[in-house]
Amino acid sequence: MKQTTSKVTDAFLNGRPIKLGNTQSTGRAMYLFGNKIAEWREDGLWITNCGWATRTTKERLNGLGMYLNFSIAQQKGSWYLCGYELGGNVYWSGDWVRVYKHLPIGLDLNAKSKELVVEKYWVSNGYRGHYDVRNAVLCETDTGMWEDSPYNSADAQENIKECMDVLKAHGIKSKKTTCETSNVFCVNHFVVVSEYDYERAMEIINSYKK
């Protein structure tokens, strides 16, 4: 098991936050490259590969399985889940599935996380799509610096800096992240805060805009 997997797994299984490189635990969920791949729910532990059937994703999830009696194997490009609570070896599409029926002692699922996590998810109307980000308090569209760009890069960056400065003045940590869209000439910039700070941050930003 890789050192990152070992340390993040230990924190996650004990309901503690930690971030190492591309992998993060908030205590309630585990993320890889901003994609939630595992989370504690009221009925136990659920996992997914978020559509990324990669070696790293499998290694991170198998890190959990070493302690919770499940494993992921690959055969001819397909993934299979094996575990006592799964009833044996079954084909797995990568969609959310419960692999363990218990929760860490003392874990409060209702407590809002103070960890700043960039959690992306794809939104599509079947023709065009874009990433959205949870707990984002600002989204700025950026179409470059061309003369006819409807959303100028300089304006987007100025608005983002202004937003982050306002939040900082109120003691709220924030982070900027950039996501692609289905339009190769367009990206979206987001200002993200923690789940714990989200409601207060939105009130501050909305009040500032007025």
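Note that these values count all heavy atoms, side chains included, but never hydrogens, waters or copies made by symmetry.
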Are a donor atom and an acceptor atom from the side chains of Asp95 and Ser93 found within less than 3.5 Å of each other? yes
Taking every heavy atom of Ala11 against every heavy atom of Ser25, the minimum-distance pair comes out as C-OG, 4.1 Å
When every non-hydrogen atom of Gly63 is compared with those of Thr9, the smallest separation belongs to O-CG2, 3.6 Å
Taking the inter-plane angle between the rings of Trp40 and Phe12 on a 0 to 90° scale, is it parallel (under 30°), tilted (30 to 60°) or perpendicular (over 60°)? parallel
Please tell me if the side chains of Ile205 and Leu138 come closer than 4.5 Å, counting only heavy atoms from C-beta onward. no
Check the pair Glu119, Tyr31 against side chain to side chain donor-acceptor pair (under 3.5 Å), reporting the backbone distance first and the verdict last. CA-CA 8 Å; Glu119 181 185 345; Tyr31 297 85; 3.0 Å; yes
Can you check whether Thr143's main-chain N or O pairs, donor with acceptor, with Ser149's side chain at less than 3.5 Å? yes
Should Trp92 and Ile47 count as side-chain neighbours, where that means a heavy-atom distance under 4.5 Å? yes
Is a donor on one side and an acceptor on the other found under 3.5 Å between the side chain of Thr5 and the backbone of Arg60? no
On a heavy-atom basis, which atom in Cys186 and which in Thr181 lie closest, and how many Å separate them? O-OG1, 2.9 Å
Spacing of CD1 belonging to Ile37 relative to CD belonging to Glu39, to within rounding of 0.5 Å: 11.5 Å
List the steps and the verdict of side chain to side chain donor-acceptor pair (under 3.5 Å) for Asn188 and Thr141. CA-CA 5 Å; Asn188 288 328; Thr141 300; 3.0 Å; yes
In the structure I gave you, are the side-chain heavy atoms of Phe190 and Val118 within less than 4.5 Å of one another anywhere? no
Is any side-chain heavy atom of Lys36 less than 4.5 Å from a side-chain heavy atom of Thr48? no
Can you tell me how far apart CG (Leu103) and CD (Glu42) are? Round to the nearest 0.5 Å. 8.5 Å
Check this for me: does any side-chain nitrogen of one of Asp197 and Lys112 sit under 4.0 Å from a carboxylate oxygen of the other? no
Drop me the distance from Cys179's SG to Asp142's CG, to the nearest 0.5 angstrom. 12.5 Å
Evaluate the side-chain proximity of Val193 to Lys173: yes if any heavy-atom separation is below 4.5 Å, no if none is. no
Check for a donor-acceptor pair, side chain of Ser194 on one end and backbone N or O of Leu116 on the other, with a separation under 3.5 Å. no
Is there a path from Ile172 to Val192 through hydrophobic residues (I, L, V, M, F, W, Y) whose side chains come within less than 4.5 Å of each other? no
Check whether Asn14 reaches the backbone of Arg16 with its side chain - one donor and one acceptor, N or O, closer than 3.5 Å. no
Counting neighbours of CD on Gln74 that are heavy atoms of other residues, nucleotides or ligands and sit closer than 6.0 Å, is the number greater than 12? yes
Treating Arg98 as the side-chain partner and Asp43 as the backbone partner, does any N or O pair qualify as donor plus acceptor under 3.5 Å? yes
Which value, rounded to the nearest 0.5 Å, describes the distance between Leu64 atom CG and Asn62 atom CG? 9.0 Å
Can you check whether Thr177's main-chain N or O pairs, donor with acceptor, with Lys175's side chain at less than 3.5 Å? no
Return the CE to CG distance between Met66 and Leu13, rounded to the nearest 0.5 Å. 11.0 Å
Val137 with Val166, same ILVMFWY side-chain cluster at under 4.5 Å: yes
Test of understanding: clusters of I, L, V, M, F, W, Y form through side-chain heavy atoms closer than 4.5 Å, transitively. Do Met202 and Val117 belong to the same one? no
With a 4.5 Å heavy-atom cut-off, do Leu81 and Phe70 have their side chains touching? yes
Of Glu140, Lys176, Glu162, the one forming a side-chain hydrogen bond (donor to acceptor under 3.5 Å, both in side chains) with Gln157 is Lys176
Find out whether Trp52 and Asn35 are in side-chain contact, i.e. whether some heavy atom of one side chain is under 4.5 Å from a heavy atom of the other. yes
Could you report the tightest heavy-atom contact between Thr23 and Met30, atom names first, then the distance? CG2-CG, 4.4 Å
When you look at CD of Glu158, are more than 12 heavy atoms from neighbouring residues, nucleotides or ligands closer to it than 6.0 Å? no
Please determine whether the number of non-hydrogen atoms from other residues, nucleotides or ligands lying under 6.0 Å from atom OH of Tyr196 exceeds 12. no
Verify the distance criterion only: is there a donor paired with an acceptor across the side chains of Thr57 and Thr54 at less than 3.5 Å? yes
Ignoring hydrogens and angles, tell me if any N or O in the side chain of Asp10 forms a donor-acceptor pair with the backbone of Ser6 under 3.5 Å. no
When hydrophobic residues are tied together by side-chain contacts of less than 4.5 Å, even through go-betweens, does Leu20 share a cluster with Phe33? yes
With sequence neighbours excluded, what pairs up with Asp148 under the salt bridge (charged side-chain N to carboxylate O under 4.0 Å, His left out) test? none
Does any N or O in the side chain of Arg200 come within less than 3.5 Å of the main-chain N or O of His170, such that one atom is a donor and the other an acceptor? yes
Less than 4.5 Å apart, side chain to side chain, heavy atoms only: is that true for Leu45 and Leu68? yes
Counting only N and O atoms by type, is there a donor-acceptor contact under 3.5 Å from the side chain of Glu59 to the main-chain atoms of Lys2? yes
What's the separation between atom OG in Ser153 and atom CH2 in Trp146, rounded to the nearest 0.5 Å? 10.5 Å
Of all the heavy-atom pairs spanning Trp46 and Trp96, show the shortest one and how long it is. O-CZ3, 3.4 Å
Mark yes when over 12 heavy atoms from residues, nucleotides or ligands other than Lys19 sit less than 6.0 Å from its NZ; otherwise mark no. yes
